[in-house]
Colleague: 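My questions all concern the structure below.
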Amino acid sequence: MRILLLHSDFIEYQPISKEVEAAEDIQYKASKKIDEVIVALIAVEKDDDESIIDDVCKELKAYSEKIKCENLLLYPYAHLSSQLATHGTALAVLISIENQARDLFTTVNRAPFGWTKSFHIKIKGHPLAEHAKTIHSKGNGEKKELTLISSALKSEDALNSTWYVHVPEDKLIPINDYAFQKDSALKKLAEYELSKKRTVVEVPPHVKLMKRLAIADYEPSSDGGNLRYYPKGRLMKSLIETYVTKMIHEYGGIEVETPVMYDSNHPSIHSYFNRFPARQYNIQSDNKQLFLRFAACFGQFLMAKDFQISYKQLPLKLYELTRYSFRREKSGELVGLRRLRAFSMPDCHAFCRDIVQAKEEFVKRFELSLKVVEGLGISPNDDLEMVIRFTTDFYEQNKEFIQAFAARLKKPILVEMWKEKFFYFIVKWEFNFVDRSGKAAALSTDQIDIENGQRYNIEFVDSDGEKKYPIILHNSPSGAVERVIFALLEKADMEVHTGKPPALPLWLSHTQIRIIPVSSNHLAFCEKILELLNKNSIRTDIDDRELSVAKKIREAESEWVHFIIVIGDKEAGGKEFVVRERVTKSQYNISIENLMRRIKQEISDKPYLPLNLPKYLSKRPIIMV
RNA sequence: GGUCAUGUAGCUCAGCCUGGUUAGAGCGAAGGUUUUGUAAACCUUAGGCCGUGGGUCCAAAUCCCAUCAUGACCUCCA
C-alpha cells in the first residue's frame with residue numbers, strides 16, 4: 001500500500017462522475033471542504049489484505065501525534081501505484097481503515113471510491129507536512145481473508161425512524177402513547193426493536209430441546225452457526241421444505257435453482273452489497289473473489305434479466321429454496337437454531353408491472369404467508385407479532401392501503417416509519433416469533449422493491465411497446481426452515497410452563513405411532529400392524545428392545561411420540577387396541593382403522609415422507625446429545 | 001467483535017476456591033439374569049491425555065498465560 005500524507009490548512013473536493021463500474025453509490029455530489037486536516041492519499045495494492053490495516057492505522061496515528069492534528073481524510077488515489085488491487089478489495093480495505101481510524105481520530109472522512117474528483121488543497125509549509133510511506137502486508141503464511149463491510153452496515157446507525165403501533169381501528173398511535181398489555185409479546189418485541197432492555201437471562205430452551213430430541217446440534221469442526229442435523233431433524237426439514245414448496249407452487253411460484261456463490265466484482269451484485277447490511281463468506285479462487293450468497297435474490301434476478309418478458313406474463317413469480325443462504329453473522333449473535341450462518345430459506349420473488357399490481361400481489365402473498373405459517377403449526381394471532389415498516393412518502397400516498405393491509409391481522413401491529421428510503425424497499429412487513437427471553441426472530445416477510453429491477457437490468461415490454469423495469473416483491477412465506485423449528489421448539493417449551501405436554505405437530509414428528517410388544521413373542525403380530533400403518537403413510541416403528549414395558553413407554557414419551565400402542569396377549573389377533581395419546585394425556589380403546597382415519601384427518605393436507613431411521617429401535621444407533 | 005461465565009467418561013454432572021495416593025456418581029453401552037402390561041427390573045464389566053497448547057512447581061483436573069468451542073449480556077437483524 002502506498003500512502004501520501006499531507007498536513008493541510010484545508011482541502012475542498014467534489015465528485016464529478018463515476019470512473020469505474022464498482023464505484024460507490026453516494027447521496028450528494030456537492031463539494032466538501034475540510035479545514036486543518038491530514039489528507040491521506042491512498043493506493044491499495046495487489047498484495048494488500050486486512051492484515052495491513054493495523055499497521056496503516058498505527059502509521060496514521062503516529063503521524064497525527066507528531067504534527068498534532070486530529071482530523072483525517074482518507075482519499076483514494078490510484079495514481080500512486082501501478083500494481084493496484086481489485087476495486088472490491090480496495091474499497092473493503094479503505095472502509096476497514098476508516099472504521100478503525102474512527103477510534104483514533106476526532107473526525108474521519110473518506111472521499112468516495114471510484115469517482116473522478118476535483119480538489120483544491122493548501123499544504124502547510126513545515127518539514128513534516130508531506131510524508132510518503134509504503135506499507136506491506138505481513139506476508140507470513142496465509143493471507144487473512146477480507147471482510148467486506150457494506151456501507152449499509154455502517155450507516156444503519158444513522159437510519160432515522162419513528163415508531164408507532166397500528167391498532168385494528170385503523171389508527172397509528174405513537175409508540176410512547178400506546179398502553180401495552182403487561183408482559184405481552186408485542187411489548188417485548190417493541191422493547192427488542194427499540195433495544196431498551198432484555199427481559200430474562202436464560203439458556204434458550206430450544207437449544208436443549210434440539211439436542212435432547214436429536215434434531216440438530218452444533219458442529220465444532222465447522223464454522224459457528226453451521227449445524228449438523230440428525231435423522232429426525234433432517235426429516236423435519238425435508239417435510240417443512242416439501243410443504244412450503246407445495247404451497248408456493250399452488251400460489252403460482254416457478255421453482256428454479258441458482259448457484260450458491262457469485263463473483264464479488266460483478267457490477268450489479270457489487271452495488272447490491274452496499275445496500276445489504278450483512279457480512280459475507282468470501283472465497284478466493286484463482287483470480288476470482290467469490291462470496292457465498294446470503295439470499296436467493298441475485299440468482300433469480302440474474303436469471304430474470306435473461307428472460308424475454310411481456311406485461312401479459314406479469315406478475316412472474318420465481319421461487320427457490322436455498323440450501324443454503326450464508327450470512328457471516330457476528331459470532332456473539334449466533335444462537336442455536338434462531339440465528340445461524342448457514343440456513344435454508346424459501347425465497348419467492350414476484351416481478352410486477354407497476355405499483356398497482358405490486359400492491360395487489362403484496363396482499364395475495366400476505367394471505368399465502370398466513371396460510372403457510374398456520375399450516376406449520378404456528379398461529380399468526382397467538383404465536384406471532386407483526387411489524388410493518390415503510391417510508392413516510394409511501395405512507396402518505398398509500399394511507400388507505402396500509403390501513404386495510406394492517407387491519408387483516410386482528411391485533412395491534414408495530415410500525416416503523418422511515419423518513420427516507422434507505423434500503424431498496426419502500427414497504428416491508430414481517431412476522432416475529434418472540435421467545436420467553438424476549439428475543440424476537442423474524443419468520444415470514446415480504447417487501448416491495450423499487451430498485452433492483454433497474455439495478456439488474458430486468459426488463460419487460462409493456463402494452464405501449466416500451467421496455468420497463470418491474471417492481472419486485474421479496475417474500476419468504478415461512479421464513480428460514482431452521483427458524484420454523486426454533487419457533488416450534490420454543491412454543492413447545494412454553495406449553496410445558498402452562499402444564500401441557502410439549503409436542504411437535506404430528507406431521508413433523510419422526511415417529512407418529514410407536515408399537516411396544518410386551519414380549520418378543522408378540523413381535524410377529526406387531527410387524528403386521530406396522531406394515532398396515534406404514535402402507536397407509538403413517539410413520540410407525542417398533543420398540544423391540546429387551547426392556548420393560550414401563551421403560552419403553554417412558555422413552556417413547558420423552559421422544560414426544562404422539563401415539564403409543566402396547567401389544568400383548570390381550571391384543572394378539574384382536575381388532576381393538578389401547579392407545580395412549582400424548583397431547584390429550586389419555587388412553588382409550590380404538591380399532592386400527594379408526595385410529596388411521598383419525599390421524600389422516602389431522603395430517604392429510606400435509607406431505608408424507610417415510611421413517612428416516614430403521615423401523616426396529618434395536619437397529620438404531622443411539623444419538624446421545 | 002467486546003465483557004463475563006462454562007468446558008472433567010457417549011450424556012448429565014461432582015471434585016478445582018485451599019495443588020499431593022489409583023479422578024468419582026447417575027444415566028447410557030457391552031455381557032449375563034429376568035419374558036415382562038402403560039413414565040426408569042437386577043448383576044457384572046468396559047469406558048477419562050480433566051477442551052487444546054504453553055508456563056509455574058518436587059508435584060497441576062486444581063494456580064497463571066494463550067487459544068478454540070459453547071452460553072449470557074452488549075450491539076444488531078434482509
Side-chain angles (χ1 to χ4, degrees), chain A residues 99-100 147 149-150 152-154 156-157 159 192-195 197-204 207-208 211-212 214 217-225 272 275-279 293-297 325 327-336 338-340 343 345 347 387 389 423-425 428-430 432 437 439-447 449 474-476 479-480 483 501 514 516-523 543 545-559 561 564-571 577-582 585-587 621-625:
Chain A
N99 287 340
Q100 198 158 327
T147 324
I149 301 165
S150 68
L153 193 65
K154 283 180 299 148
E156 232 172 330
D157 308 334
L159 239 182
Y192 187 75
E193 284 288 344
L194 301 170
S195 67
K197 61 169 187 142
R198 303 290 138 84
T199 357
V200 204
V201 186
E202 218 174 312
V203 184
V207 174
K208 284 195 164 176
K211 294 177 178 210
R212 223 205 67 216
D217 201 359
Y218 298 114
E219 174 53 75
S221 306
S222 180
D223 190 26
Y272 191 49
R275 288 298 215 179
F276 225 87
R279 291 157 175 80
R293 66 169 171 202
F294 38 88
C297 303
S325 291
R327 299 182 186 180
R328 238 185 55 88
E329 308 290 3
K330 285 185 276 179
S331 57
E333 297 173 330
L334 302 171
V335 183
R338 190 211 292 142
R339 202 151 169 82
L340 296 164
F343 55 93
M345 179 91 142
D347 214 338
V387 186
R389 307 168 202 253
F423 299 106
Y424 47 82
F425 44 83
K428 165 187 188 246
W429 64 264
E430 80 223 7
N432 282 275
S437 57
K439 291 272 193 182
L443 287 170
S444 325
T445 176
D446 201 3
Q447 314 162 359
D449 165 4
H474 301 233
N475 174 225
S476 184
R483 248 187 207 180
R514 162 93 21 106
I516 297 179
V518 172
S519 82
S520 48
N521 303 332
H522 306 105
L523 260 179
D543 193 345
R545 295 171 304 170
E546 295 289 333
L547 298 170
S548 69
V549 170
K551 174 92 183 219
K552 290 196 263 195
I553 293 206
R554 184 185 148 85
E555 289 203 8
E557 290 288 5
S558 67
E559 270 182 64
V561 172
I564 302 169
I565 303 175
V566 177
I567 302 283
D569 290 335
K570 278 184 249 166
E571 287 79 12
F577 305 100
V578 180
V579 169
R580 187 184 163 109
E581 186 179 339
R582 176 175 184 77
K585 286 180 162 171
S586 60
Q587 282 180 52
I622 291 171
I623 301 167
M624 261 297 175
V625 280

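Sequence lines set the chain letters: A, B, ... in the order given, protein chains first and strands last, and positions in each chain run from 1. Because only heavy atoms are used, hydrogens play no part in the values below, and waters and symmetry mates are left out as well, while side chains stay in.
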Colleague: Checking A:Val561 now: which residues fulfil side-chain contact (heavy atoms from CB on, under 4.5 Å) with it, not counting sequence neighbours?
Modeller: A:Thr511, A:Arg514, A:Ala556, A:Glu559, A:Ile564
Colleague: Round to the nearest Å and state the distance from A:Lys211 atom NZ to B:U12 atom P.
Modeller: 7 Å
Colleague: Need the pair for B:C13. Rule: Watson-Crick or G-U wobble, both distances under 3.5 Å, any strand; none if unpaired.
Modeller: B:G24
Colleague: Mind checking if A:Ala440 touches a base, just sugar-phosphate, or nothing, with heavy atoms under 4.0 Å?
Modeller: base
Colleague: What integer number of Å spans the C1' atoms of B:C49 and B:G54?
Modeller: 15 Å
Colleague: Taking a pair as Watson-Crick or G-U wobble with both distances under 3.5 Å, which nucleotide is matched to B:U45?
Modeller: B:A29
Colleague: Work out how far the P atom of B:U6 is from that of B:U62, and round it to whole angstrom.
Modeller: 14 Å
Colleague: Check the distance between B:U38's P and A:Glu555's CD and give it to me in whole angstrom.
Modeller: 17 Å
Colleague: Starting at CD of A:Glu329 and ending at P of B:G1, how long is that distance when rounded to a whole Å?
Modeller: 13 Å
Colleague: Does the structure show a Watson-Crick or G-U wobble partner for B:G1, both distances under 3.5 Å? Name it, or say none.
Modeller: B:C74
Colleague: Treating A:Asp446 as the side-chain partner and A:Lys428 as the backbone partner, does any N or O pair qualify as donor plus acceptor under 3.5 Å?
Modeller: no
Colleague: Counting any heavy atom closer than 4.0 Å, what does A:Ile553 reach on the DNA or RNA strands: base, sugar-phosphate only, or nothing?
Modeller: base
Colleague: For B:U6, give the paired nucleotide (Watson-Crick: N1-N3 plus N6-O4 or O6-N4; G-U: N1-O2 and O6-N3; both under 3.5 Å), or none.
Modeller: B:A69
Colleague: What does B:U36 pair with, Watson-Crick or G-U, if both distances are under 3.5 Å?
Modeller: none
Colleague: Taking only residues at least two apart or on different chains, which pairs with a member in residues 546-556 of chain A satisfy side-chain hydrogen bond (donor to acceptor under 3.5 Å, both in side chains)?
Modeller: A:Arg545-A:Glu555
Colleague: Please state the C1' separation for the pair B:A29 and B:U12 - nearest whole angstrom.
Modeller: 16 Å
Colleague: Taking side-chain hydrogen bond (donor to acceptor under 3.5 Å, both in side chains) as the test, write out the residues that go with A:Asp223, two or more places apart.
Modeller: A:Tyr281, A:Arg341
Colleague: Which residues pass the side-chain contact (heavy atoms from CB on, under 4.5 Å) test with A:Ser221, not counting sequence neighbours?
Modeller: A:Glu219
Colleague: So which protein nitrogen or oxygen atoms get under 3.5 Å of nucleotides 33-37 of chain B's nitrogens or oxygens?
Modeller:
from, atom 1, to, atom 2, distance (Å)
B:U36, O4, A:Glu546, OE1, 3.0
B:G37, O6, A:Asp569, N, 2.5
B:G37, O6, A:Lys570, N, 3.0
B:G37, N1, A:Glu571, OE1, 3.0
B:G37, N2, A:Glu571, OE1, 3.2
B:G37, N2, A:Glu571, OE2, 2.6

Colleague: Could you pull out the protein-nucleic contacts involving nucleotides 25-27 of chain B (nitrogen or oxygen on both sides, under 3.5 Å)?
Modeller:
none

Colleague: Can you tell me the Watson-Crick or wobble partner of B:U18, both distances under 3.5 angstrom?
Modeller: none
Colleague: P atom, B:G7 versus B:A14: distance in rounded Å?
Modeller: 8 Å
Colleague: Restricting to side-chain hydrogen bond (donor to acceptor under 3.5 Å, both in side chains), what partner residues turn up for A:Gln587, sequence neighbours left out?
Modeller: none
Colleague: Between the base of B:A39 and the side chain of A:Arg580, is there a donor and acceptor pair under 3.5 angstrom?
Modeller: yes
Colleague: Applying a 3.5 Å limit to both distances, which nucleotide forms a Watson-Crick or G-U wobble pair with B:C63?
Modeller: B:G55
Colleague: Taking 4.0 Å as the cut-off, does a side-chain nitrogen or oxygen of A:Lys208 come that near to OP1 or OP2 on B:U12?
Modeller: no
Colleague: Identify, with sequence neighbours excluded, every residue that meets side-chain contact (heavy atoms from CB on, under 4.5 Å) alongside A:Val387.
Modeller: A:Trp163, A:Leu189, A:Arg389, A:Leu414, A:Glu430, A:Asn432
Colleague: Give me the distance, rounded to whole Å, that separates B:G10 from B:G28 when you measure between the C1' atoms they each carry.
Modeller: 7 Å
Colleague: Only counting residues at least two apart or in another chain, list the ones meeting side-chain hydrogen bond (donor to acceptor under 3.5 Å, both in side chains) with A:Ser444.
Modeller: none
Colleague: Between B:G53 and B:C68, how many Å separate the two P atoms, rounded to a whole number?
Modeller: 15 Å
